[in-house]
Amino acid sequence: MADNFNKGMARNIYYGGGVFFFLLLLGLTFDTMLELPERDHRENITEAVAHGKEIWENNNCIGCHSLMGEGAYFAPELANVYDRYGAGNEEAFKQFMQSWMAMQPLPTEGRRKMPQFNLSEEEVNALTDFLIWTSRIDDNDWPPNKQG
Amino acid sequence: MKFQSQAVAKPYFIFALALFAGQIIFGLVMGLQYIVGDFLFPYLPFNVARMVHTNLLIVWLLFGFMGASYYLVPEECDTELHSPLLAKILFWVFAAAGVATILGYLLVPYAELAEITYNHLLPTMGREFLEQPTITKVGIVIVCLGFIYNIGMTILKGRKTVINMVLITGLIGLAVFFLFSFYNPSNLVLDKFFWWFVVHLWVEGVWELILGAILAFTLIKVTGVDREVIEKWLYVIIAMALISGLIGMGHHYFWIGPGEYWLWLGSIFSALEPIPFFMMVVFAFRMVRERRHDHGNKIATTWALGTAVMAFLGAGVWGFIHTLAPVNYYTHGSQITAAHGHLAFFGAYAMIVMTIISYAMPIMRGRPQGNSAASQKVERFAFWTMCLSMLGITLALTVAGAYQVALQRLPEDSAALTFMMTQEKIMPIYWARLVFGVTFFAGLVAYFVSFFVKGENVEVKQEESTPTVCCGSCS
Ligand code: HEM
Ligand code: HEM
């Protein structure tokens, strides 16, 4: 680095830049907090949806699946599983989820396995409500197609 | 070693490496489960192996950072560590909590673990990388506070160099941002938004300060280059890291709910994030070229250069390839992400820990000029085997990811293959990944062996013109 660029200048860039961009981040965070209610449709977070999220977490579904593209890459994306199997029909999707969760693990030898979680009917319904709610978040149209 | 108390770093380093070995074993298990889906099922489901793999990674890196701090802060401060006893106690607390948590993952179903640890009182579990029971998280905070207190008091009473100021800033940031792991609202979007305050602001923020400080310290020691020059570089590098990385967080906000301006901000700022990593490469090579003495511990220098290069490849290059929103739209959450995650974590953080271990362990074992030539030779072999294997893993996963995008994401709804069908097609490439995983493990074994290779310790011959060569501790 050029000699006329000394350590003091470097330090000032570090402190100045660091503080400035940190404050900018705080500002943007604040702005996003104001904007989110229009995008995350939080008014639809019912007790069942909240309970569903707890069940999702307590069973570590994220350890195999991704949800909105984050998590693990071992098993299908689930933020759009409702779009994939529900075809807009919540009742049909609930039925699908009940039977899907009850069926696990599938017997196919050598195929990747999903454990049996022994969830009650009510719990699977809550989980399903959570997944349906998630599928309706405004996420800039991700994923590109139904397969996710 | 200049101060007796620096030796508390030793158990930290040894334990870190033991956990590293565990991490790789679980990685290999998963590598096989990707191919043979029912391997070890139902005894070790994939999600459990993954938690163990990633949590061991984070914990061993934290042990490594702590060891590094205990070693370098007293030397930089020119004073004994505030409390070696506290450091020893915290070691055992952290080790016990870590082992108990991993055993919890392995021995009880996760839902039961959540129940036993009263997760419902303050639900924080079940999120990627933050799977630890709440009580473990509290333990981590306590250990970090004790650790920062100890390091902070040492710095307060001693010399305040740029390196130890940058280091402690990074460590405080690490502790502060970890607090966001306790925020877990029922609104998934808010949950995810602040989850990144832990994960992103760690690896693309404050950890870069820690990385820079450890790298700068090691370079001063092995090259003898003037502190002024090194410190100037350090400032510029971390300045660029924060300037690009703070708003660069936007590249994680594209598809999880936040508004559209993040598509622009995230793309533009994160596109600048490779700059500090590139500067690290220039910096490291330049300092080594301008070195004022030839330290006998050659392999430590190799690790330092290797860290800069591999971090640039993993974070800089592999980060850049999927960071622009139009690209990330297709690659988000694919094997491309895994490719980048592996090379970046290994190249930047695993390697910086091995760099400081490579420099400091021989000194703590009474070999100021490094291990014997025979031992360094084995370590060099291990270095290359691990680095090349990790590049192999990364390339394999990149091909896998590109193929996945092509089959599953690019086509229209009707033409796209399902996730599971796509995975079937990728199988041969997962075999390649597994093979590189096995060679990586071989490299790791060689690395461990290098610690036990005996042989003549290096005595550096003195040439007339060069100044007396020492371990570098006094510069
Ligand atoms: C040597 C053999 C290794 C193998 C076979 C392996 C395999 C794996 C697998 C299968 C996953 C899960 C991917 C998924 O979610 O589907 C994973 C995750 C991960 N591994 Fe490894 N791993 C290895 C070594 C390492 C090393 C050395 C590091 C870092 C130092 C590392 C860091 C990670 C990280 C950060 C994740 C999470 C990735 C993400 O969320 O994108 N692994 N690994
Ligand atoms: C040493 C520094 C870095 C480390 C350890 C690291 C590690 C990771 C890991 C583990 C993930 C996966 C997170 C998850 O599981 O959801 C990730 C995601 C990502 N990283 Fe990095 N990263 C680093 C630096 C960078 C840089 C400098 C860039 C940009 C130039 C970048 C761009 C990205 C992007 C775009 C994603 C999102 C991938 C997706 O959409 O799935 N990273 N990183």
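Note that the structure is a prediction, hence the values are computed from the model and not measured. Residue numbers begin at 1 in each chain, while the letters A, B, ... track the order of the sequences.
Closest non-hydrogen pair, Ala114(B) versus Asn58(A), comes out as CB-OD1, 3.8 Å. Closest non-hydrogen pair, Tyr34(B) versus Tyr73(A), comes out as OH-O, 3.1 Å. The heavy-atom pair separating Glu70(A) from Ile256(B) by the smallest distance is OE2-CG2, 3.3 Å. In terms of heavy atoms, Tyr14(A) sits closest to Leu242(B) at CE1-CD1, 3.7 Å. Here the closest heavy-atom approach between residue Leu36(A) and residue Gly257(B) is recorded as CD2-O, 3.8 Å. Of all the heavy atoms in Pro115(A) and Phe41(B), the pair that sits closest is CA-CZ, 3.6 Å.
In this structure, no portion of Ile55(A) lies under 4.5 Å from any heavy atom of chain B. Residue contact with chain A, scored on non-hydrogen atoms closer than 4.5 Å, is absent for Phe129(B). If you measure heavy-atom distances from Pro42(B) to chain A, you find no contacts under 4.5 Å at all. For chain B, the nearby part of Arg39(A) is the side chain; its heavy atoms alone come within less than 4.5 Å. Contact annotation for Met249(B): only side-chain heavy atoms (C-beta onward) come within less than 4.5 Å of a heavy atom of chain A. Within the 4.5 angstrom heavy-atom criterion, only backbone atoms of Met114(A) (N, CA, C, O) approach chain B. If you measure heavy-atom distances from Pro109(B) to chain A, you find no contacts under 4.5 Å at all. Contacts of Thr169(B) with chain A are made by side-chain atoms alone, with heavy-atom separations under 4.5 Å and no backbone atom involved. Within the 4.5 angstrom heavy-atom criterion, only side-chain atoms of Thr134(A), from C-beta onward, approach chain B. In this structure, the portion of Leu263(B) lying under 4.5 Å from any heavy atom of chain A is its side chain and not its backbone. Both the backbone and the side chain of Leu25(A) come within contact range of chain B, each with at least one heavy atom under 4.5 Å from a heavy atom of that chain. Contacts between Tyr430(B) and chain A at a heavy-atom distance below 4.5 Å involve the side chain alone, from C-beta outward. Residue Leu407(B): no heavy atom, backbone or side chain, is found under 4.5 Å from chain A. The contact between Phe130(A) and chain B is made entirely by side chain atoms (from C-beta outward), counting heavy-atom distances below 4.5 Å. Heavy-atom distances place no part of Val282(B) under 4.5 Å from chain A, backbone and side chain included. Residue contact with chain A, scored on non-hydrogen atoms closer than 4.5 Å, involves the backbone of Leu417(B) exclusively. For a residue to count as touching a neighbouring chain, one of its non-hydrogen atoms must lie under 4.5 Å from one of that chain's; by this rule Asn60(A) touches chain B with backbone and side chain alike. For Leu24(A), the parts lying under 4.5 angstrom from a heavy atom of chain B are both the backbone and the side chain. Only the side chain of Phe197(B) comes within less than 4.5 Å of a heavy atom in chain A; its backbone stays farther off. In this structure, chain A has a heavy atom under 4.5 Å from the side chain of Met51(B), while its backbone stays farther away. With a threshold of 4.5 angstrom between heavy atoms, Asp413(B) approaches chain A through its backbone and through its side chain. With a threshold of 4.5 angstrom between heavy atoms, Gln335(B) approaches chain A through side-chain atoms but not through N, CA, C or O.
Note: Glu260(B) CD to Asp138(A) CG = 7.5 Å, rounded to the nearest 0.5 Å. One distance of note links CD of Gln423(B) with CZ of Arg111(A); it measures 10.5 Å at 0.5 Å rounding. Once rounded to the nearest 0.5 Å, the distance linking CD of Glu77(A) with OG of Ser334(B) reads 11.5 Å. The CG atom of Leu188(B) sits 10.0 Å away from atom CG of Leu131(A), with the distance rounded to the nearest 0.5 Å. Rounded to the nearest 0.5 angstrom, Leu28(A) CG and Ile247(B) CD1 are separated by 5.0 Å. Residue Tyr110(B) holds its OH atom at 10.5 Å from SG of Cys61(A), rounded to the nearest 0.5 Å.
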Between His65(A) and Asn47(B), does a side-chain contact (heavy atoms from CB on, under 4.5 Å) hold up when you go through it step by step?
CA-CA 9 Å; His65(A) 292 279; Asn47(B) 62 320; over 6 Å; no
Any chance you could lay out the side-chain contact (heavy atoms from CB on, under 4.5 Å) test for Glu231(B) and Lys7(A), step after step, and finish with the verdict?
CA-CA 7 Å; Glu231(B) 290 175 345; Lys7(A) 193 170 99 185; 2.5 Å; yes
For the pair Phe74(A) and Arg50(B), evaluate side-chain contact (heavy atoms from CB on, under 4.5 Å) and give the outcome as yes or no after the intermediate values.
CA-CA 10 Å; Phe74(A) 181 74; Arg50(B) 191 184 203 273; over 6 Å; no
Can you list the steps and then say if Glu57(A) with Asp191(B) is a side-chain contact (heavy atoms from CB on, under 4.5 Å)?
CA-CA 12 Å; Glu57(A) 287 164 359; Asp191(B) 168 8; 3.8 Å; yes
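In this structure, Arg112(A) fails the cation-pi test against Phe39(B), since its NZ or CZ atom is not both closer than 6.0 Å to the six-membered ring centre and inside 45 degrees of the ring normal.
The backbone N or O of Glu109(A) sits nowhere less than 3.5 Å from a side-chain atom of Asp38(B) that would complete a donor-acceptor pair. A donor-acceptor pair under 3.5 Å is formed between the side chain of His332(B) and the backbone N or O of Met68(A). Asn140(A) places a side-chain N or O within 3.5 Å of a backbone atom of Phe254(B) that can act as its donor or acceptor partner. The main-chain N or O of Gln408(B) is found under 3.5 Å from a side-chain atom of Asn145(A) such that the two form a donor-acceptor pair. Under the 3.5 Å distance criterion, the side-chain polar atoms of Lys232(B) are matched with a main-chain donor or acceptor of Phe5(A). Side-chain atoms of Trp255(B) never come within 3.5 Å of backbone atoms of Pro143(A) as a donor-acceptor pair (strictly under, hydrogens ignored).
Contact annotation: the side chain of Met33(A) approaches that of Leu190(B) to within less than 4.5 Å [non-hydrogen atoms, C-beta and beyond].
The choice from Gln404(B), Glu228(B), Arg127(B) that makes the most heavy-atom pairs within less than 4.5 Å of chain A is Glu228(B). Each of Leu113(B), Ile243(B), Val189(B), Leu410(B) has some count of heavy-atom pairs under 4.5 Å with chain A, and the biggest count is that of Ile243(B). Between chain B and the residues Gly52(A), Gly71(A), Gly8(A), Gly17(A), the largest count of heavy-atom pairs under 4.5 Å involves Gly71(A). Ranking Asn119(B), Val36(B), Ile237(B), Asn187(B) against chain A, the residue ahead of the rest is Asn187(B), based on heavy-atom pairs under 4.5 Å.
With sequence neighbours excluded, no residue forms a side chain to side chain donor-acceptor pair (under 3.5 Å) with Tyr235(B).
For Tyr183(B), the OH atom sits in a packed shell: over 12 heavy atoms of surrounding residues, nucleotides or ligands are nearer than 6.0 Å.
Asn184(B) and Lys53(A) are linked by a side-chain donor-acceptor pair at a separation below 3.5 angstrom, with hydrogens and angles left out of the test. For the 3.5 Å distance criterion, the side chains of Asp31(A) and Tyr261(B) qualify, holding a donor opposite an acceptor.
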